[in-house]
Amino acid sequence: MRPFKYTEGKDETSAVRAVVVNRESKFLAGGTNLIDLMKEYVERPNELVDVSQLPLAQIKNTSNGISIGALAKNGATANHPLVRQNYPLLSMAILAGASGQLRNMATNGGNLMQRTRCQYFYDIAMPCNKREPGTGCGALEGINRIHAIFGWSDKCVATYPGDMANALYALDAVVRVKGANGQERTIPIQDFHRLPGNEPQKDNNLEHGELIIGIDLPKNNFANKSYYLKVRDRASYAFALVSVAAALETDGSNIRQARVVLGSVAHKPWRSGEAEKALVGKPATDATFNAAAEAALKEAKPLAHNGYKVELGKRAIVLALQRAMNGGAE
Amino acid sequence: MPKYIGKEMSRVDGVAKVTGKAKYAAEFKVPNLAYGFIVTSTIAKGAIKSLDTTEARRAPGVIDILTHENYPKPAPPASTELKPEINANVRDKSFRALASNQIFFNMQPIALVLAETFEQARYAARLVKATYTPEKQLTEIAGSLDKALVPNPERAAKPRGNPAETFKSAPVKIEAEYTIPIEHHNPMEPHGAIAFWEGEKLTIFDKTQGVYVVRRHLATSFNIPEVNVSVVSPFVGGAFGSSLRPNYYPALTAMAARVIKRPVKVVYTRTQMYTGHGYRSDTWQKISLGAERNGKLTALIHDSRNNSSTFEDWLENTTNYTRTIYACPNAHTSQQLVRTDLSTPAPVRAPGAVSGMFALECAMDELAYELKIDPLELRLINFTDVNPDTGKPYSSKALRECYRMGAEKFGWKDRKFEPRSMRDGRLLVGWGMATGVWGAFQQAASVRIALKSDGSAHVASATADIGPGTYTVMTLIAAEYLGLPAERVKFELGDTKFPRAPVQGGSFTTASVGSAIYESAQNIRRKLLEMANKDAASPFKEAKIEDVEMTDGKLQVKNDPSRFVNISELMRRNNLEELVDVHEAKPSPEREKYATGAHGAQFVEVKIDPDTRVVRVTRAIEVTACGRIMNPKTSHSQEIGGVVWGIGMALQEATEIDHRYGRIMNPNLQHYHVPVNADVLNVETIFVEEDDRIVNPLGIKGMGELSMVGIPAAIANAVFHATGKRVRNLPITPDKLL
Ligand SMILES: Cc1cc2nc3c(=O)[nH]c(=O)nc-3n(C[C@H](O)[C@H](O)[C@H](O)COP(=O)(O)OP(=O)(O)OC[C@H]3O[C@@H](n4cnc5c(N)ncnc54)[C@H](O)[C@@H]3O)c2cc1C
Ligand code: SF4
């Protein structure tokens, strides 16, 4: 670990300022991702500005839904009555991730910011454009079983590995951030993460020093027809091979609104407009779900070792939609 | 009636472990300690061109940096460590850190940074800059099977009967290839040591399965007498074979301590463990089975290839039990290795056996389907009561009973033969079974017993307790035969100040050290009897040693509690504070007349999601016949642990190498998966006890390794039964079943 300075964030403004003035500083929240990466020498900040004590942990009703503090813990968020009742999809997604201990440390802001689990990213002896731009992508022609099938570039084929964000994409979340100039701004969740393009070092569209302060969820009618399905190599404590956040609103037997978001298939949660188009206005039948699944994976571009994600993705979508229709029951 | 043997005893070291009082090697407090951090190579083969330590040396707290350029010349390695008596002429060619600029494997140590704190050493280690002259490496056996060689042709197995011909003409046959990737032990405790010198005397706290092995290694490394080296290793947080050999770090740590004249601590990071000790080798196996239509095996051919390093020849003993587990007149087995630019493999729990039996027991299942005979029935048809190679009868082999009991408990008779024929709701259900086998080994081991006049005893042997509960079982055996309450017996291990014992491996510790305690207790009894009989009023006149026992602090005539002396009083009368016996127990020659072994049967249920193809092992019943059970509590733990590992091997574990770089890409517990609690559902372990006093006086056979031997095959067979898909390449991850 590189020696670093530790600064306690006293309030939002001073915390933001502390990071803005130092290109090599970072916010510290739960530390469950950042500290690990520092030990591996992947992240090398020379200053940590600890925001974990800022009063940004509330979860409360708003005029149009709820607002969730950036520093609320993942565990507390998943178990909050407002979330459980109105956004069970979010609960399910969070609880599918990590472990109880980690969820009690991890914050919602940190979760959105978590970095990829690409093995080459973690090994500083290996080429990786995300870690060190210009060194090449180790995974492109290397071991890429857990990598992207959508939206990758030859500069980077990594996936965003998290679970919570997949639900947030389905729920049309809006991220509230405190800007470098002290102003607040909002970022619709689908504009939060980026595709790798030529700058895979940028995971998302946050500027250096911008602090996530909260996540807003608008009201919706998905609560009784949603499901988060996570397929993984072991029953717990593993990142998804493929995951699906599915949500439906029906009108009699027809689908009025639908959300299909695939996780661990791209550099960002992959909301499938094609699948949603195939669902809306159609009867909620297996045939419709199958058509949606086919549509969702049609443009997939698998790599050498992750071709299975195409078939698995289709099956996971159908299963998640069936369970969503079933009110979340298996 | 035994007081302790066969009864549940909780771990005597349990409280110390959960309260943190138990000290592991790297936890000892030593004043003036310096911390070493290992720098590793980023190429797999070639040579170091330059090593620049300038910046690292300037980093805060750095004391010194050892590299091949300044590393003092160690003594030339002597004979190989593990079995010096057998391999006296075989030079130890194990990897030595910083011996030259040559690179033999990726993540090979190239420098050791020494600093005042661990964090300073780790940071400075990042600042060491190396350049290389790389060469093209080979790091897998796939594609290089034709490069396989037989290292010791004179020791290679000879065919029994005429397997090739019989196979050709067999009415029913199957032939299949199976692969197992490299797997790592991943014990919880990382390997580490603290070393310091007092003149020419070296003390090292080390994580090891055998303190005497480390002593010998260090004595030869520094060319000093063995008695000058003290090795201390009271607690080990799992090792599973990774600490049978000394590994490279103890000598490195000791050398660093010598160079900077300070105590030094070196601990592997999790990542460094992946090349800092051995691993289960990359294995390819081909099994050819020929049979009559009635299921009788006529030919059995097992061809096995595994990877080794370029500097040592390691053969994975996969075919060890192939020739003996089934009655088959014609059999041939061969083992070959492919030299690769990786570190040398090592024994990993049930080495060879679990790999070989994965292939053989899957092949038996394939044959059962070819024959349309129930898989269990096929095993019974080919059951053998003698070792087919030697014709010797087994001293005991309750395997039939294991099959019977397992099948009954599991409900095997309700199994539908056809694949994909069983369901639970939408889930595919599969039932599979397999056979487990391991040796019933015993090795020479010594112990010292000091019986005290205050009614307590101190018992010591330089064995290890890497987790199975050795402290507990030895306390139990000593308490039993010294006739003392277990609380009054203190057993110590893991220190070269105690009498010599073999490494903890091969599942032979309880049989070896337990026998020594049993026999030594007998010596104590004899001495007490002689002492008592010096007294004119002795109640034991005429009594032979077999006629008396030690019980409740008394020496008494068996079956006649009225004739006794109080041992404490007897010792005090003789002005004896301590009665000491040092004894070595050896395997009895009687064993030679028999075949020996431990066996088991495993029955497994899997449920598989028909869509995602995620496999869950919902039920596992393991029935084991491994002699007499000393402590059922820790014994069941061993068996359950074996089943859990078997689940990992079948479904999850694989060390992944990027062969372009020859580098392990998942050397950590986030990318290398082992089972978590949620993967382990119902596991039931059952013992069928055997009363076998031929293997050793207490009738003990090993169990720790046996416990996992059949599990991967049973799971793979269950997966086939559920899906109709035969996966022959471990691990069986969901993508392979889509
Ligand atoms: C073993 C393990 C298993 C895991 N499994 C899963 C899983 O299955 N699914 C899953 O989704 N996740 C998983 N995780 C990831 C975990 O969810 C994240 O580590 C966690 O959410 C990060 O939150 P944190 O508060 O600890 O962030 P930190 O580690 O403190 O920070 C992470 C990053 O976010 C930045 N940051 C933090 N807060 C803010 C803020 N308010 N504004 C701007 N930037 C900020 C930091 O500067 C840093 O760059 C796992 C983690 C581990 C260690
Ligand atoms: S996929 Fe992205 S993160 Fe992985 S090696 Fe390539 S550039 Fe780095």
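Letters A, B, ... mirror the listed sequences (proteins, then strands); counts begin at 1.
- Looking at A:Tyr120, both its backbone and its side chain come within 4.5 Å of chain B, counting heavy atoms on both sides.
- Of the two parts of A:Asp233, the backbone and the side chain both hold a non-hydrogen atom closer than 4.5 Å to a non-hydrogen atom of chain B.
- Residue B:Val615 does not touch chain A at all, counting heavy-atom pairs closer than 4.5 Å.
- Within the 4.5 angstrom heavy-atom criterion, atoms from both the backbone and the side chain of A:Glu141 approach chain B.
- With a 4.5 Å cut-off on non-hydrogen atoms, A:Leu312 touches chain B through its backbone and its side chain both.
- In the displayed structure, A:Lys5 atom NZ is contacted under 6.0 Å by at most 12 heavy atoms of other residues, nucleotides or ligands.
- Proximity to chain A involves both the backbone and the side chain of B:His673, based on heavy atoms less than 4.5 angstrom apart.
- Minimum heavy-atom separation, A:His267 to A:Asp203: CE1-CA, 4.0 Å.
- With a 4.5 Å cut-off on side-chain heavy atoms, B:Glu656 and B:Ile664 do not count as touching.
- Heavy atoms from other residues, nucleotides or ligands lying under 6.0 Å from CG of B:Asn677 number 12 at most.
- In this structure, chain A has a heavy atom under 4.5 Å from the backbone of B:Leu669, while its side chain stays farther away.
- Of the two parts of A:Lys39, the backbone and the side chain both hold a non-hydrogen atom closer than 4.5 Å to a non-hydrogen atom of chain B.
- Contact of B:Asp609 with chain A is made through the side chain alone, with heavy-atom distances under 4.5 Å.
- Using a 30° and 60° split on the angle between ring planes, B:Tyr274 and B:His184 fall in the tilted class, from 30° to 60°.
- The heavy-atom pair separating B:Gly662 from B:Asn106 by the smallest distance is O-CB, 3.2 Å.
- Across B:Arg616, B:Gln652, B:Arg126, the residue that shares the most heavy-atom pairs under 4.5 angstrom with chain A is B:Arg126.
- Looking at A:Arg232, the atoms closer than 4.5 Å to chain B (heavy atoms on both sides) all sit in the backbone: N, CA, C or O.
- Nearest heavy-atom pair across A:Arg323 and A:Tyr227 is NH1-OH, 3.3 Å.
- Residue contact with chain A, scored on non-hydrogen atoms closer than 4.5 Å, involves the backbone of B:Ile657 exclusively.
- Looking at A:Gln119 and B:Asp658, their side chains never bring a donor and an acceptor atom within 3.5 Å of each other.
- Side-chain contact between A:Phe289 and A:Leu279 is present, with heavy atoms from C-beta onward closer than 4.5 Å.
- Highest contact tally toward chain A, considering only B:Gln120, B:Met107, B:His671, B:Lys736, is held by B:His671 [criterion: heavy-atom pairs under 4.5 Å].
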